Each structure stands twice: as structure tokens, then as C-alpha cells.
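Since this is a predicted model, take the numbers as computed values, not measurements.
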Amino acid sequence: MAGIKEIMGTSILQKPTLFTSKTKLIQKTHKIKKYPFNNNNNNDLIKGGRLVVKTKAAISEDYYVIKANNQGNNEELRDAKVKIRAVVTVRNKIKEDLKEALVKHLDNLSDKIGRNVVLQLVSSHLHPREKRGPKKSGEAVLKDWSKKSNMKAERVNYSAEFLVDSNFGIPGAILITNKHQQEFFLESITLEGFASGPLHFPCNSWVQSFNDLKSSRVFFHNKPYLPHQTPTGLVALREKELKDLRGDGKGERKMSDRIYDYDVYNDLGNPDKGADLTRPTLGGKKIPYPRRCRTGRPPSETDLSIESRVEKPLPIYVPRDEQFEESKAGTFSFCRLKAVLHNLLPSLTTNISSKHDFTGFKHLDTLFSEGLLLNLGLHDDLLKKLPKFVSKIQTTSQGLLKFDTPAIVAKDKLAWTRDDEFARQFLAGVNPVSIKRMTSFPPISKLDPEHHGPVESALKEEHIKGYLDGMSVQEALDANRLFIVDYHDIYLPFLEGINALDGRKSYATRTVFFLTSVGTLKPIAIELSLPHSGPNSKTKRVLTPPVDATSNWLWQLAKAHVCSNDAGVHQLVHHWLRTHAALEPFIVSAHRHLSYMHPIYKLLDPHMRYTLHINALARQNLINGDGVIESCFTPGRYFMEISAAAYKDWRFDMEGLPSDLVHRGIAIPDSTEPHGLKLLLKDYPYAADGLLIWEAINNWVRDYVNHYYSDPNLVAQDPELQSWYDEAVNVGHADLSDAPWWPNLKTPDDLVNILTTLIWLASAQHAALNFGQYPYGGYAPNRPVLMRRLIPDENDPEYTNFLSDPQRFYLSALPSVLQTSKFIAVIDTLSTHSPDEEYLGERAQPSTWTGDPEIVDKFFEFSSEIRRIEKEIDRRNLDTSLRNRCGAGVMPYELMAPSSEPGVTCRGVPNSVTI
């Protein structure tokens with residue numbers, strides 16, 4: 001029991017203070033008795049002639065103010081007031097420009113004269129005399145804004161005080177009006193003074209100025225409700241908040257807006273700058289593609305069907321809460337500064353030939369030891385042309401325009417030359433999701449022969465039978481010993497256009513691997529195909545492992561072309577399409593249809609963080625016409641058309657890891673095996689580690705879903721949930737919405753499978769495809785993303801040059817110095833973890849993100865399981881029997897290891913697609 005507090009000669013019980021206009025305060029000398037709250041009696045208790053005011057309204061003590069008279073009645077109880085304190089946590093901007101600092105100063109002045117940040121509590125229940133709306137408290141303002149807003153701390157706590165009726169009930173929402181000119185980031189609100197204990201309101205949102213938002217923002221407390229469980233006082237607010245987030249689909253979006261809507265990819269080209277920058281619209285029956293977040297920008301002047309572009313440094317719209325927070329933005333900006341050569345140096349080096357080649361492997365190494373400017377031999381000349389701040393950085397910092405040595409070279413400088421390492425990277429490298437088990441030989445194309453000529457493979461049994469350890473081809477097939485990486489069908493339709501581009505040459509490749517007795521793969525044949533050009537044209541060629549020095553360099557060139565194919569499919573299909581673009585409609589729809597109070601929104605929330613923003617930046621600078629990807633990868637301007645062609649075969653029901661492994665023939669269902677699957681490639685690090693994480697996510701999601709949908713019928717009856725999934729499929733993936741393979745959403749099991757797949761794609765799948773890009777791809781010979789020469793044969797005029805200096809020819813076929821530098825600057829950025837990253841098993845405010853303690857406990861169980869998996873991955877990487885992840889010159893497989901330090905680490909599984 002709290003002690004006695006003296007107030008103006010009287011004594012009352014310590015906070016919260018409960019009083020009415022008719023209450024006579026007990027005199028200091030008056031004897032006070034303590035009467036406990038009796039949960040089994042809802043009537044006022046009269047003890048010793050004194051009325052104990054007792055109510056189930058949330059008061060923080062178990063004992064209540066004793067009134068000196070015994071004339072209490074219901075009217076007095078209605079008039080009773082409870083003092084409530086709000087602790088409001090605001091995240092400060094650490095760095096402000098001059099304009100922001102000036103506006104803050106004006107806000108501090110205006111705060112003193114009444115232009116405040118105003119809060120109002122909203123009860124979970126309807127007002128008894130105004131059935132149309134909930135009970136609301138009086139307004140309160142944040143105290144000491146003008147004093148505290150200039151503090152240099154990252155987080156600042158403000159307070160506000162309310163007096164609410166004793167029968168106000170539990171507040172379910174808080175309305176906030178920002179009467180300042182500047183927005184602020186509201187992290188959380190905690191209410192103190194209620195019997196149930198502190199009430200938490202996780203906010204994590206920008207609160208716009210009343211100049212931009214002509215209504216109050218609403219924040220709901222952390223207790224989740226399915227739609228039919230929503231307290232009566234919150235129903236209208238829940239519906240209004242979702243309606244506001246959907247918007248009306250009209251007009252251009254302002255950067256301060258929080259509106260989520262859909263559009264096609266009609267902003268990749270810029271026809272106003274010339275016909276060569278025209279790009280087709282992706283999305284629609286002509287070229288199917290997922291939808292992206294709508295910006296509403298006006299059309300271009302040249303083509304009204306094309307949206308006008310916003311170029312760097314101008315910001316591109318995403319809903320305000322999707323934009324990077326300051327720490328993430330700072331990391332991204334620094335990485336962009338390291339990549340200054342992409343934006344600045346090419347325009348300053350017009351006198352440098354785009355074919356400026358590496359003269360040898362030592363020349364290539366200087367990119368990491370000396371830096372780009374020295375490497376070009378133009379250090380002094382270029383520094384004169386660079387802006388002073390860049391020149392100063394380059395001359396005073398040893399690292400900005402140099403690059404760290406990629407891990408693959410640091411581990412073994414000649415790893416890229418070894419066939420076993422070439423094969424291993426299809427199981428444990430940056431793209432471990434293309435390899436399939438062969439079920440027949442030779443491979444068969446699905447392309448239309450009328451458009452692409454004869455589609456029979458040039459691969460014959462005599463090409464590979466000498467590499468099968470004495471087995472026949474059929475015996476190897478039956479023993480599950482043959483595997484393939486087949487890029488024939490995805491590249492061949494575009495090769496004629498690609499090879500017509502200046503400085504681009506490509507094949508459509510097939511690579512066959514044999515599973516050795518020690519569990520590793522070895523490449524045994526590479527098929528190289530070109531477009532059919534006539535009845536007698538030789539468009540297919542097969543190379544096999546070398547027997548002499550000449551065939552060795554031809555073989556290295558063939559592997560380089562395979563890697564170029566692989567890099568393109570990895571980046572434009574597996575990485576961009578599957579984990580960025582295909583997720584965006586589910587994220588947009590979640591914000592439009594799942595209330596913040598919905599338990600499924602709370603589950604998905606950390607897995608949607610930053611994705612819309614990074615996708616928008618990609619449209620602005622990476623996948624756009626003449627952007628980084630077109631400049632650096634072999635497909636050039638056909639890049640996104642290849643991605644769209646792959647989308648026709650994309651299937652959501654095959655995106656989960658177990659389904660994908662079975663679909664690729666890598667695993668077969670087996671209930672006696674862990675995870676219910678038997679891996680036919682036992683030492684497959686991506687699959688082995690991935691299944692651990694998949695199962696952990698699946699178990700966590702199942703516990704979560706079954707907790708809220710204990711009645712299986714509730715899934716089909718949940719209007720928000722059904723609207724979310726229906727719109728994600730029928731609007732966000734409209735071009736494939738009629739496909740029969742879309743999973744149903746009728747039962748808890750359906751929901752578990754859908755959610756597990758989405759969380760897997762956003763976290764572990766993306767991590768496996770993204771954070772190894774620099775460690776594996778930073779060294780061009782290991783993974784060239786662009787090829788500039790085809791492989792000569794004896795009848796080719798270039799064959800003589802090749803024979804005279806095969807090493808120089810090889811380097812001339814790889815990207816030039818500038819092309820290499822541009823690319824590794826970009827993937828250095830893409831492979832970097834920011835300091836504010838949240839990893840799988842972590843959450844902001846882990847104990848207060850939900851008001852359901854049972855779910856909090858389940859989350860900590862999930863977090864503990866993720867830590868156990870990390871230890872198991874560490875153990876596997878020390879197991880010498882696992883040759884695809886342990887051994888001399890072999891990089892450990894850590895791309896599924898959940899945690900990471902900031903920077904380029906080749907490990908770490910963030911919760912969401914943040915880069």
C-alpha cells in the first residue's frame with residue numbers, strides 16, 4: 001500500500017489520486033483504514049461508517065481512497081477522476097540540415113504559445129450516453145517540448161497528464177495532433193496509472209504536421225484483436241484508419257503521405273530523354289509482372305502511358321513510414337558515396353575507352369590494394385576534376401575508393417580456377433537455387449521450334465561417359481548422380497538482341513554435374529547455344545574438362561559464360577523477382593487491409609520493414625533503363641524483360657523451401673527423415689541449413705496462428721484476412737490470378753503455409769541470395785556478370801590472338817576496369833548490413849510488441865531456437881566430412897547463420913528485405 005502524501009494540510013492515498021467534487025478529503029489527523037478490493041463484490045463497501053469508493057475502472061493500487069462521508073452514490077462514481085500519466089518516447093534526428101534546424105527552433109517557440117503536440121485517450125468502449133462514439137478523455141499536451149527537443153540523445157521521453165473518469169475503461173487508442181510545423185518520429189507511448197498495469201502503445205511512425213495531415217493520428221494499444229473481437233469503442237477507428245491508408249487512388253502522392261496503392265512497372269524507362277531509354281511497361285496481360293507501390297506521378301511528355309521519372313538525388317515516393325530511418329539512411333548514403341564512381345567518375349572519364357581492360361591478374365588485384373584512381377593511372381588528373389570534398393576524402397582516407405579483398409580470394413587466391421569450387425558454389429554460393437537433378441538425358445527444351453529453331457541439345461552420351469566413374473548415363477541417372485544448371489530456355493529468346501549490343505556477348509548455357517563418391521560435384525560438360533541463324537548454322541557447342549593448356553583456357557572461358565548466365569538469372573529472377581518484386585503486393589495489401597490491431601499484421605510487421613523503400617530505390621537507380629544492372633550485366637536493356645519472362649513460370653506454391661527442393665528433384669518426401677524430406681544431395685549447405693530455419697519459422701507461425709484461430713472457421717470468416725490475401729493475389733498479382741496453383745485460404749493450416757512462405761522469402765531466402773554478392777562476386781574472374789567476347793574456335797579469326805596470349809584474351813572477355821569497379825561498388829552496398837538491422841528471432845520492443853503474454857513467451861522460444869540453429873551451423877562448418885563447407889580453401893557456409901555484425905560479413909538473416 002502506498003504511503004500517505006500531504007497535500008495542503010490534508011492526507012490522501014498516494015497516486016493515483018481519485019476524487020470527486022463532493023468528496024471531503026480526510027484530515028491529516030483522521031485515522032485511515034485500508035480496505036482491499038473485493039473482486040467478488042461489485043457493490044460499494046461501507047466499513048465503519050466510511051464509504052470505500054471501489055470500481056473496476058483501471059486504478060493502479062489494490063486499495064482505494066476512503067471518503068469521509070457515507071453518502072456516496074452512482075453519480076459520485078461517474079464524476080470520480082483518475083490521474084493518468086503518459087510517457088511518450090520520441091526518436092530525435094541526430095543530423096539536421098539548416099532548414100530543419102530553423103523549423104525546430106520555430107516549433108520550440110510556438111510550443112510555448114500553445115501550438116503543441118496534443119494527445120487524447122480513446123476508451124475501448126462506447127460512451128454510455130453517446131452510442132455513436134467512444135468515450136474520450138480531455139486533451140493533454142506534451143510537457144517541456146521546447147526544452148527537451150534540442151537534446152542530443154537519440155531518444156527523448158516526454159510526458160503528458162490526463163484526468164479521466166473512473167469508469168472510463170481501458171484506453172484502446174490514442175489520438176495525436178501535431179500542431180508544430182515539423183514532423184517527428186513517435187516510437188512508443190506508455191500509460192501509467194491503471195490497475196491492469198502499464199499500457200503500451202508501440203507506434204514507430206512519423207507524426208505529420210497538421211499542415212500536412214488535417215486530422216489526428218490514431219495509435220492503438222498493443223493488445224491484438226481479430227476483427228470480430230474489436231471493442232465497440234474502436235470499431236469505427238479501426239475501419240477509418242484502414243480507409244485512410246488505402247486512399248482514393250487519385251493524384252500524386254506527397255512524401256508525407258501514408259497511402260498504399262498499386263501500379264504497373266511503367267516508370268523504368270525515360271522516353272523524354274530519347275528513344276534508346278524507352279522500356280516496355282511490365283504488368284498487364286501483354287507482359288505479366290507483379291504490381292508495385294503507386295506514386296501517382298504525372299505521365300511523361302512523350303508517352304502518356306509511361307510515368308515520368310524522379311531521378312537522384314530527388315526522393316521517390318513510398319509511404320512515409322516505409323522510408324529508411326536515420327541509421328539505415330546513413331549507412332546507405334555512405335555506401336553510395338563509396339560507389340561515387342558509378343554516378344560521377346564515368347562522366348569525368350569520357351576520354352577513357354569503355355574497353356579499358358585489365359592487363360593481368362596483378363592489375364586486377366590493385367583494385368583492392370591501391371584503389372580505382374591509381375588503377376586507372378589517372379589519379380592526379382581525375383582528382384583535379386573531382387569535387388573538393390571527394391578529392392579530400394580520397395587523399396585522406398585509405399579506404400573509400402578502394403575495395404576490401406573479397407572473401408573468396410582471401411580464402412584461396414586461385415579458388416576460381418578449380419572445377420570443384422565452381423561446382424560447390426552452386427550448392428553453397430550466392431545462387432544455390434538453380435541446380436536441379438537430371439531425370440533424363442539429354443536435356444529437353446520447352447521453347448517453340450518455329451520461333452527458335454531446332455531445340456535438341458547437342459549433349460551426347462560420349463561427351464560425359466568418361467567422367468561417370470565407370471557408370472553408364474542411365475545408371476548415373478538412376479543413382480541420382482547427375483545434376484544440371486540449365487539456362488538454355490531463359491536466355492535463348494533474348495540472345496540475338498543481347499549479342500547485338502555493344503560490348504555484350506552471351507550464350508544460353510547448360511552445365512552438367514556428376515555427384516562424386518565423397519559428396520561433392522564436378523562439372524563434366526558445358527553446352528553453349530546461340531540463336532538459330534540458318535539451316536546449316538552451327539549454333540551449339542559442347543566443352544568438357546581440359547586435357548591440355550589450350551583446352552584449359554577454353555574451359556575457363558566456358559565456365560565464365562556459365563557464371564555470367566548464372567549471375568543474370570540470380571539477380572533478375574531469384575533475387576529481384578522472387579524476394580523483392582513478388583513480395584511487394586503482399587506488403588501493400590497488408591497495410592491496406594490488416595489493421596495494426598490484427599494479430600497477423602503484428603506477425604508480419606517486422607518482415608515488411610524497408611522493403612517498399614529499397615524496391616523504390618531499385619526502380620530509380622538499379623533496374624531502370626541505363627541503370628546499374630543494365631550497365632553491369634550481360635543482358636543489358638533486356639534485363640527486365642528476362643525477369644518478366646521468368647515470372648510467367650513463377651508459382652507461389654513452389655516458393656516454400658520444401659516445395660522448391662522437391663520441385664527441383666533435390667529432395668523427396670520421406671516422413672522418417674528430419675523435416676519430412678530426404679535430401680538426395682546430402683552435403684547441400686543451403687538446403688541443410690535452410691530446412692532448420694524453415695522448420696523454426698513454421699513452428700513459430702503455427703503456434704501463433706493456432707493461438708488466435710483456435711476455431712478453424714475463423715480463418716474463412718475473417719474479413720480483413722480474406723481481403724488481404726484476395727487483393728494480394730487478384731490485384732497485386734493480377735496477371736497470374738487465374739492460375740490454379742494459388743493456395744486456398746480457408747483453414748489455419750492454409751494460413752500457416754502462406755505466412756511461413758512469406759516470412760521465409762523475406763528473411764532467409766533473401767539473405768541467402770543477397771549477402772554473399774560481394775564476398776563471391778567482388779572478384780570478377782570468380783563470377784563475371786558481364787562477358788564481352790564469345791569463345792573462339794579454330795575457324796575464328798580471333799583464335800590466333802587467343803593462342804598467342806590466352807590469359808590476356810580471357811581478361812579482355814571479362815568486364816572492363818570501369819565496368820568491374822561500378823559493379824563491385826554496387827554489390828558492396830547491397831552486401832552491407834546496417835547498424836539498425838533486426839535479425840531473425842529479434843524484434844524491436846520484444847516484450848511489448850504485443851499485449852498477449854503467451855505469444856511473447858512463444859516468441860522467445862522461437863528466438864531461442866534460432867540461436868540454437870546458429871550454433872548448429874557453426875558446428876557444421878567445422879565438420880571435415882562436409883566438404884562443401886569445410887576444408888582447405890573452402891569458405892564456410894554462413895549465409896544462413898542468423899546473426900551478423902554491421903558491414904559486409906557474408907552472414908546474417910535480417911527479418912526483412914532491407915537492401
Side-chain angles (χ1 to χ4, degrees), residues 204 328 432-433 575 578-580 583 586-587 590 600-611 614 655-658 660 675 685-705 752-772 830-847 849-850 855-877 892-915:
N204 296 308
K328 173 72 172 179
V433 296
H575 181 199
R578 293 176 61 187
T579 69
H580 284 259
L583 280 181
F586 289 95
I587 295 172
I600 300 305
Y601 180 92
K602 289 181 174 291
L603 175 68
L604 288 176
D605 185 34
H607 306 291
M608 302 188 291
R609 183 180 187 229
Y610 293 156
T611 303
I614 200 65
E655 289 299 282
L657 179 60
D660 173 59
H675 322 294
Y686 161 79
D689 295 356
L691 285 170
L692 294 176
I693 292 181
W694 171 273
E695 186 171 46
I697 295 172
N698 186 256
N699 289 338
W700 154 237
V701 172
R702 189 171 301 280
D703 287 343
Y704 191 97
V705 167
V752 169
N753 291 332
I754 291 168
L755 294 174
T756 301
T757 298
L758 292 173
I759 293 171
W760 160 260
L761 289 171
S763 58
Q765 182 70 91
H766 177 261
L769 295 168
N770 183 76
F771 293 105
L830 297 182
S831 302
T832 297
H833 290 289
S834 65
D836 73 335
E837 198 72 85
E838 293 175 6
Y839 297 94
L840 197 63
E842 297 179 350
R843 259 187 183 265
Q845 304 164 322
S847 298
W849 63 275
T850 177
I855 288 300
V856 172
D857 289 343
K858 289 291 184 184
F859 174 75
F860 283 120
E861 290 178 14
F862 169 63
S863 181
S864 177
E865 176 63 11
I866 293 298
R867 301 284 79 78
R868 187 197 69 78
I869 290 171
E870 185 157 26
K871 293 179 180 178
E872 171 61 16
I873 291 173
D874 292 339
R875 185 199 67 77
R876 291 176 176 181
N877 284 325
Y893 188 72
E894 298 182 302
L895 288 169
M896 291 283 189
S899 68
S900 175
E901 297 297 321
V904 179
T905 63
C906 201
R907 62 178 290 135
V909 180
N911 275 323
S912 60
V913 179
T914 63
I915 191 67

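When atom types are taken as modelled, the side chain of N699 and the backbone of E695 share a donor-acceptor pair closer than 3.5 angstrom. A donor-acceptor contact shorter than 3.5 Å links the side chain of S863 to the backbone of G841. Between the side chain of R907 and the backbone N or O of S899 there is at least one donor-acceptor pair closer than 3.5 Å. Under the 3.5 Å distance criterion, the side-chain polar atoms of D689 are left unmatched by any main-chain donor or acceptor of I873. Judged by distance alone, the side chain of D660 and the main-chain N or O of G656 form no donor-acceptor pair under 3.5 Å. Distance alone, capped at 3.5 Å, is enough to place a donor-acceptor pair between the N911 side chain and the E842 backbone.
A distance of 9.5 Å separates CG of L769 from CG of L761, quoted to the nearest 0.5 Å. Atom CG of L840 and atom CD1 of I697 lie 5.0 Å apart (nearest 0.5 Å). Atoms CG and CD, from L583 and E655 in turn, are 8.5 Å apart once rounded to the nearest 0.5 Å. For the atom pair CD of E894 and CZ of R876, the computed distance is 13.5 Å after rounding to the nearest 0.5 Å. Between I600 atom CD1 and L758 atom CG the span is 11.0 Å, to the nearest 0.5 Å. A distance of 10.0 Å separates CD in E901 from NE2 in H833, rounded to the nearest 0.5 Å.
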* To do: Begin with the C-alpha distance, continue with both residues' side-chain angles, and end with the deciding distance and a verdict on side chain to side chain contact (heavy atoms under 4.5 Å, CB included) for H607 and V913.
  => CA-CA 7 Å; H607 306 291; V913 179; over 6 Å; no
* To do: List the steps, then state whether side chain to side chain contact (heavy atoms under 4.5 Å, CB included) holds for F860 with E865.
  => CA-CA 9 Å; F860 283 120; E865 176 63 11; over 6 Å; no
* Quick one: do M896 and Y686 satisfy side chain to side chain contact (heavy atoms under 4.5 Å, CB included)? Show the steps, please. => CA-CA 7 Å; M896 291 283 189; Y686 161 79; 3.5 Å; yes
* CA sep, side-chain torsions, deciding dist, call: L603, Y704, side chain to side chain contact (heavy atoms under 4.5 Å, CB included) -> CA-CA 8 Å; L603 175 68; Y704 191 97; 3.7 Å; yes
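Here the closest heavy-atom approach between residue L895 and residue C906 is recorded as CD2-O, 3.6 Å. I915 approaches L830 most closely through the heavy-atom pair CG2-O, 3.4 Å. The shortest non-hydrogen separation linking V909 to I693 is CG2-CD1, 4.4 Å. Summarising the geometry of S900 relative to G908, their closest heavy-atom pair is CB-CA, 3.7 Å, with the distance given to 0.1 Å. In plain terms, the two heavy atoms of P432 and Y893 that are nearest each other are CG-OH, 4.4 Å.
Of the options L755, T756, D703, a side chain to side chain contact (heavy atoms under 4.5 Å, CB included) to N698 is made by T756 and by none of the others.
Between W700 and F862, the two ring planes are parallel [angle under 30°; tilted spans 30° to 60°]. Ring geometry for W849 versus F859: interplanar angle over 60°, hence perpendicular rather than tilted (30 to 60°).
Checked by atom type, the side-chain pair D836/Y610 shows a donor-acceptor distance below 3.5 Å. At a cut-off of 3.5 Å, with distance as the only test, no side-chain donor of T611 or S912 sits close to an acceptor on the other residue. Under 3.5 Å, the side chains of T914 and E837 contain a donor-acceptor pair of N or O atoms.
Salt-bridge annotation for R875 and E870: absent, with no side-chain N of the basic residue lying under 4.0 Å from a carboxylate O of the acidic one. Ion pairing of R843 with E838 is absent here, as no side-chain N (NZ or NE/NH1/NH2) approaches a carboxylate O to less than 4.0 Å. Taking 4.0 Å as the cut-off between side-chain N and carboxylate O, R868 and E872 do not count as a salt-bridged pair.
In this structure, Q765 and L657 have side chains that are not in contact, with every pair of non-hydrogen atoms separated by 4.5 Å or more. Y839 places none of its side-chain heavy atoms less than 4.5 Å from the side chain of P898.
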